[in-house]
Engineer: 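I'd like to ask some things about the structure below.
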Amino acid sequence: MPSSKAEQISGTIGPGKVTFLDGRGELPMLEVSTVWSTAEIYLQGAHVTHFKKKNDSPLLFLSQCSRFAEGQPIRGGIPVVFPWFGPREGLSQHGFARLKEWELKEFAPAPDGSASVRFRLPDTPEASAFPSCTVDYIVTVSETLQLELAVTNNSKTDEFVFENCLHTYFEVGEIGAVTIKGLKGVTYLDKVENFAQKVEADDAIRITSEVDRIYLNTPGTVEILDTRLRRKIRIEKHASLSTVVWNPWIAKSQQMPDFGNEEYERMICVESGNVSSNQIRLPPGEVSRLTVRLSSSAL
Ligand code: TA6
């Protein structure tokens, strides 16, 4: 680990480079830059807070009101949700991974100019409630943003049952100008209506009120079409059966202290993971690799 902040770890192969900085709230942060793009990643939660291609708008939404404090979730970017999704009696919502400072294990610039950074979730008291496991997260920055959450069950005897989710906040020009494609015919749990089970009827989903849905058994690619930014975002994924779509709309926005009252107009969460009935049952010695590839193009 670099001894001084703002120390640059330059790649020797490609032009990809990583700079180690004091981020907001003095939380340790990495800035990764490639010929195509820049990204910012906080060690806390291995949390990608920024990804932007040259000549494009940022891909990820980050709230102006987000906290940047030890052990507090960051509002925006890509929270890593693990080992449970949602509330859990007496414990933090969405697991503990997003609250912990991850170890920076490796920085790997590639000949093609992309740059990968590997993080490891350190042992924590909370993890003792689960079978012994190794959790690595690899972020690859290039013209696209690729994420891989690898969980190894180190137990010799016990199955590891967990949920995971890359809870991505996308930046949009204006929520009214957005449609979401790729979920037609998929069964979902509607959290706004007490988890009522429904089937998606729309080919192009529009957001016109609070939306909080868990789409199940859907390994497919989802697209966000944004006519205001004239941008199409593609979310390709592997080893993920759940897609969660969330916009807090007006009332919920006003209830969240770390989220601006009008910010619901500029974001949509389309999250990729394995939650609820899609939770993972990982046998001893096995590895699960949730992979998500985010790309964007002109509409
Ligand atoms: O993924 C959608 C969701 O589960 C919503 O229900 C909402 O709670 C959101 O996550 C944000 O959760 P957070 O704990 O970050 O406030």
Side-chain angles (χ1 to χ4, degrees), residues 24-25 27 42 44-49 60-100 126 147 149 162-172 175 178 180 183 186-198 200 205 207 209-216 218 222 224 235 237 240-261 263-279 290 292 294:
R24 293 169 60 179
L27 293 177
Y42 280 76
Q44 177 161 296
H47 200 129
V48 182
T49 54
L60 306 176
F61 164 86
L62 180 63
S63 172
Q64 296 296 313
C65 311
S66 177
R67 299 184 190 101
F68 283 86
E70 227 174 286
Q72 296 284 328
I74 294 170
R75 177 66 68 193
I78 310 178
V80 176
V81 172
F82 172 87
W84 64 84
F85 180 88
R88 185 165 282 200
E89 185 79 29
L91 297 166
S92 49
Q93 156 124 318
H94 288 334
F96 52 79
R98 65 175 177 168
L99 309 176
K100 301 295 172 189
E126 296 88 340
L147 312 149
L149 182 65
F162 64 93
E163 296 168 292
N164 58 13
C165 190
L166 299 181
H167 191 302
T168 311
Y169 290 71
F170 292 97
E171 174 100 6
V172 299
I175 193 65
V178 163
I180 298 168
L183 294 166
V186 176
T187 298
Y188 67 93
L189 304 176
D190 187 346
K191 191 174 172 185
V192 177
E193 289 186 27
N194 198 22
F195 295 98
Q197 185 165 315
K198 303 179 180 177
E200 183 53 63
I205 302 167
I207 310 294
S209 62
E210 180 188 356
V211 167
D212 196 348
R213 301 173 183 172
I214 299 175
Y215 290 86
L216 297 167
T218 177
V222 173
I224 301 170
I235 304 150
K237 57 181 191 160
S240 161
L241 287 179
S242 319
T243 291
V244 179
V245 177
W246 179 57
N247 184 290
W249 213 244
I250 299 166
K252 277 273 169 51
S253 298
Q254 289 165 357
Q255 290 160 21
M256 292 193 290
D258 60 345
F259 190 82
N261 290 351
E263 287 188 325
Y264 71 92
E265 293 176 334
R266 288 196 303 104
M267 56 71 67
I268 184 74
C269 282
V270 178
E271 312 161 27
S272 311
N274 298 280
V275 308
S276 183
S277 57
N278 291 148
Q279 66 178 5
L290 164 63
V292 176
L294 306 176

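Quantities reported herein were computed from a predicted structural model and do not represent experimental measurements. Atoms within a ligand are numbered from 1 in the order they appear, just like the ligands themselves.
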Engineer: Can you produce the list of protein nitrogen or oxygen atoms under 3.5 Å from a nitrogen or oxygen of ligand 1, alongside each distance?
Structural biologist:
from: ligand 1; atom 1: 1 (O); to: H167; atom 2: NE2; distance (Å): 2.9
from: ligand 1; atom 1: 1 (O); to: E271; atom 2: OE1; distance (Å): 2.9
from: ligand 1; atom 1: 1 (O); to: E271; atom 2: OE2; distance (Å): 2.8
from: ligand 1; atom 1: 4 (O); to: H94; atom 2: NE2; distance (Å): 3.3
from: ligand 1; atom 1: 6 (O); to: K191; atom 2: NZ; distance (Å): 2.7
from: ligand 1; atom 1: 6 (O); to: D212; atom 2: OD2; distance (Å): 2.5
from: ligand 1; atom 1: 8 (O); to: Q93; atom 2: NE2; distance (Å): 3.1
from: ligand 1; atom 1: 10 (O); to: H94; atom 2: NE2; distance (Å): 3.0
from: ligand 1; atom 1: 10 (O); to: H167; atom 2: NE2; distance (Å): 3.1
from: ligand 1; atom 1: 12 (O); to: Q93; atom 2: NE2; distance (Å): 3.1
from: ligand 1; atom 1: 12 (O); to: H94; atom 2: NE2; distance (Å): 3.4
from: ligand 1; atom 1: 14 (O); to: Q93; atom 2: NE2; distance (Å): 3.0
from: ligand 1; atom 1: 14 (O); to: R98; atom 2: NH2; distance (Å): 2.9
from: ligand 1; atom 1: 15 (O); to: R75; atom 2: NH1; distance (Å): 3.1
from: ligand 1; atom 1: 15 (O); to: R98; atom 2: NH1; distance (Å): 2.9
from: ligand 1; atom 1: 16 (O); to: R75; atom 2: NH1; distance (Å): 3.2
from: ligand 1; atom 1: 16 (O); to: R75; atom 2: NH2; distance (Å): 2.9

Engineer: Got P73 and L99 here, is their nearest side-chain heavy-atom distance under 4.5 Å?
Structural biologist: yes
Engineer: Please, which pairs that meet salt bridge (Lys or Arg N to Asp or Glu O under 4.0 Å) have at least one residue in residues 69-80, sequence neighbours excluded?
Structural biologist: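 Checked against salt bridge (Lys or Arg N to Asp or Glu O under 4.0 Å) - neighbours excluded - the pairs reaching residues 69-80 are R75-D258.
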Engineer: Got a sec, which residues hit side-chain contact (heavy atoms from CB on, under 4.5 Å) with E271, two or more places apart in sequence or on another chain?
Structural biologist: F85, C165, H167, V244, W246, C269
Engineer: Please name all residues satisfying side-chain contact (heavy atoms from CB on, under 4.5 Å) with E263, sequence neighbours left out, ordered by chain then number.
Structural biologist: F61, S63, Q64, F259, R266
Engineer: When you look at CD of Q197, are more than 12 heavy atoms from neighbouring residues, nucleotides or ligands closer to it than 6.0 Å?
Structural biologist: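 It does not: Q197 CD has 12 such atoms or fewer within range.
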Engineer: So which heavy atom on S242 is nearest to which on N278, and how close?
Structural biologist: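 The pair with the smallest heavy-atom distance is OG-OD1, 2.9 Å.
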